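In what follows, a single structure is set out as structure tokens and then discussed.
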2 protein chains.
Amino acid sequence: MARYQVGIRTETRILDATRDLLAEGGLEAATLKAICNRAGVQAGSFYNLFASKEQAIMRVARDAIRAVDPDPGRAGTDTIADLVEAYVRFVTDQPELARIYLQIAVSGSNDDSVARRFLRHHVRRVERFADALQRADASMTPSGATQMAEVLLGALDGLAFRWVLDQSFDFAGHAKAAADQCS
Amino acid sequence: MARYQVGIRTETRILDATRDLLAEGGLEAATLKAICNRAGVQAGSFYNLFASKEQAIMRVARDAIRAVDPDPGRAGTDTIADLVEAYVRFVTDQPELARIYLQIAVSGSNDDSVARRFLRHHVRRVERFADALQRADASMTPSGATQMAEVLLGALDGLAFRWVLDQSFDFAGHAKAAADQCS
DNA sequence: TCCAAAATGGAGTGTATACTCAAATTGTCG
DNA sequence: CGACAATTTGAGTATACACTCCATTTTGGA
């Protein structure tokens with residue numbers, strides 16, 4: 001029952017290929033054939049390791065979602081500026097991953113586990129932002145901080161969306177402006 | 001070359017069918033077969049009127065995008081609250097269209113005219129918002145108003161995105177909170 | 001060294017899709 | 001009416017796709 005090394009290597013090759021294809025051409029480019037070609041593998045091998053194409057894509061997407069979160073080790077100590085900067089860096093460093101993030105979230109997958117996963121991460125981020133807001137301004141009520149965090153994160157998402165459509169947009173500058181409005 | 005009435009009627013039937021299908025099941029539900037079935041038309045008739053399926057969808061999407069804009073007749077007189085309310089109403093009244101709006105914009109379509117169209121409308125809306133902001137606070141510089149309008153619209157887009165994923169989210173309330181932060 | 005489990009190749013299946021075309025039908029106008 | 005263009009039909013084409021099957025090869029532990 002123990003897995004062979006070669007199988008594990010093949011798995012990572014497939015995941016790498018999937019990630020690359022998603023980054024280059026979005027969901028539509030990530031066909032089974034394209035994935036197998038790029039991974040240097042035949043369909044049979046793919047299905048020896050993954051139950052479906054979607055499963056491979058979800059593995060990649062899950063990692064992308066995780067990457068949006070700033071360093072979890074610093075939770076409870078980071079400022080709003082830190083958190084915003086981490087978000088901006090993720091989006092600008094990995095624009096295609098950011099697009100995939102949006103694309104999958106909005107694609108109305110038959111399997112809504114995707115949406116739920118996104119939401120879980122979103123909620124966690126909101127908490128982190130709200131925490132930072134409250135540390136900066138002790139007079140803020142918890143629910144007020146949460147609401148403001150939702151708005152700020154919404155703004156970041158929306159500005160990222162806009163930047164994905166038009167990369168000449170000054171995403172970082174507007175993100176900072178959004179953060180400044182919360183002080 | 002003059003068009004017969006019957007052809008015009010068929011065209012609207014096809015567009016109605018397309019709109020309904022998009023509203024009910026998103027892009028994935030709007031297959032050629034489904035559109036033709038619902039319109040009571042054969043594939044040949046469809047292609048007598050439209051060059052491609054995408055063309056029909058774009059016609060519907062274009063109208064939907066237009067609908068996001070509040071009454072153009074009141075441009076120059078409406079308040080931020082008016083504009084935000086119009087946005088909220090569009091999203092909550094037509095959730096599927098809002099999803100398609102996001103879906104098409106982010107899909108990295110082979111034809112980037114879609115993205116450009118979205119951007120054009122976005123820029124127009126930003127101007128409208130910036131105008132309202134400046135009317136409310138004359139001390140605001142034009143570029144400051146534009147930046148704030150971008151942030152506010154970004155927040156609305158982001159909050160709408162969140163609402164599309166989780167319709168129990170209080171979109172209207174947070175949208176109002178975002179608007180209030182701009183006063 | 002042996003062998004069962006794991007991995008692989010690759011042809012093949014089934015299905016859904018957008019789209020075409022020649023022929024038949026229908027609408028308009030002189 | 002009669003001619004002719006606009007429209008419609010519906011069977012048909014081409015293609016892309018995810019996925020299966022299974023004989024063969026490779027792996028790694030006993």
Side-chain angles (χ1 to χ4, degrees), chain A residues 1-22 24-61 100 103-104 107-111 113-114, chain B residues 1-22 24-61 100 103-104 107-111 113-114:
Chain A
M1 222 33 161
R3 296 193 53 185
Y4 293 169
Q5 290 306 315
V6 60
I8 294 173
R9 276 197 301 271
T10 304
E11 191 180 80
T12 56
R13 277 214 322 276
I14 288 175
L15 288 173
D16 288 346
T18 306
R19 182 168 27 248
D20 289 353
L21 286 165
L22 285 173
E24 283 169 22
L27 271 182
E28 284 141 38
T31 66
L32 191 74
K33 203 175 180 182
I35 292 171
C36 290
N37 277 350
R38 173 135 349 179
V41 150
Q42 298 296 330
S45 297
F46 182 97
Y47 283 98
N48 180 48
L49 293 161
F50 298 91
S52 68
K53 189 188 82 163
E54 192 165 329
Q55 193 177 91
I57 289 180
M58 287 313 296
R59 285 271 292 273
V60 171
I100 294 163
Q103 212 171 349
I104 293 182
S107 69
S109 158
N110 30 9
D111 178 12
S113 73
V114 196
Chain B
M1 220 34 167
R3 298 192 54 185
Y4 291 169
Q5 290 304 316
V6 60
I8 295 173
R9 277 196 300 270
T10 305
E11 191 180 78
T12 56
R13 276 215 322 275
I14 289 174
L15 288 174
D16 288 347
T18 306
R19 182 169 24 248
D20 289 353
L21 286 164
L22 286 174
E24 283 169 23
L27 271 183
E28 287 136 39
T31 66
L32 191 74
K33 204 174 179 181
I35 292 172
C36 290
N37 277 350
R38 174 139 345 184
V41 151
Q42 299 295 329
S45 295
F46 182 97
Y47 284 98
N48 180 49
L49 292 162
F50 298 92
S52 68
K53 188 188 84 163
E54 190 165 328
Q55 196 177 89
I57 289 181
M58 286 314 297
R59 284 270 293 275
V60 171
I100 291 158
Q103 216 171 342
I104 292 181
S107 70
S109 157
N110 29 12
D111 178 12
S113 73
V114 194

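All chains are named by letter (A, B, ...) in the order of the sequence lines, taking the proteins before the strands, and each is independently numbered beginning at 1. Quick caveat: nothing in here was measured; it's all calculated off a predicted structure.
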- Task: For residues B:A30 and B:L22, report the shortest heavy-atom separation together with the two atoms involved.
- Result: CB-CD2, 3.8 Å

- Return the nearest nucleotide to the side chain of A:N48; candidates are D:dT8, C:dT8, C:dT28. C:dT8

- Close side-chain approach of A:F50 and A:L15, heavy atoms under 4.5 Å: yes

- Item | Whole angstrom value for the distance that separates C1' of C:dG10 from CG of A:N37 | 13 Å

- Note on the structure: Nearest heavy-atom approach of A:F46 to A:A56 is CZ-CB, 3.9 Å

N/O donor to acceptor pairs below 3.5 angstrom from side-chain atoms of residues 33-43 of chain A, sequence neighbours left out:
unit_1	atom_1	unit_2	atom_2	d
A:R38	NH1	A:E24	OE2	2.9
A:R38	NH2	A:E24	OE1	3.1

Short N/O separations, protein against nucleotides 19-22 of chain C, under 3.5 angstrom:
unit_1	atom_1	unit_2	atom_2	d
C:dC19	OP2	B:Y47	OH	2.6
C:dC19	OP2	B:K53	N	2.9
C:dC19	O5'	B:Y47	OH	3.2

- Length of the line joining B:F50:CZ and D:dT7:P, which is rounded to integer Å: 12 Å

- Message: At less than 4.0 Å, is any side-chain N or O atom of B:T10 found next to OP1 or OP2 of D:dT8? Yes or no.
- Response: yes

- Query: How many Å lie between CZ on B:R13 and C1' on D:dT7, as a whole number?
  - Reply: 12 Å

- Looking at side-chain heavy atoms only, is the closest gap between B:T10 and B:Y4 below 4.5 Å? no

- Task: Would you indicate which nucleotide in C:dT8, D:dC17, C:dA5 comes nearest to any side-chain atom of A:V6?
- Result: C:dT8

- Message: Can you measure B:Q5 atom CD to C:dT26 atom P for me and round it to whole angstrom units?
- Response: 18 Å

- Message: Between the side chains of B:D16 and B:R13, is the shortest nitrogen-to-carboxylate-oxygen separation below 4.0 Å, so that they form an ion pair?
- Response: no

- Item | Nearest heavy atoms of B:Q55 and B:L49, plus distance in Å | OE1-O, 4.4 Å

- Item | Whole-Å gap separating P (C:dA5) and CZ (A:R3) | 17 Å

- Once you round it to whole Å, what is the distance between C1' of D:dC19 and CD1 of A:I14? 14 Å

- Item | Per B:Q42 side chain, nearest of listed nucleotides D:dT9, C:dA4, D:dC17 | D:dT9

- Please report, rounded to the nearest Å, how far the C1' atom of C:dT26 is from the CD1 atom of B:I8. 15 Å

- Message: Taking the minimum atom-to-atom distance to the side chain of A:L49, which one of C:dT8, D:dT7, C:dA4 wins?
- Response: C:dT8

- B:R9 CZ to D:dA6 P, in whole Å, measures 17 Å

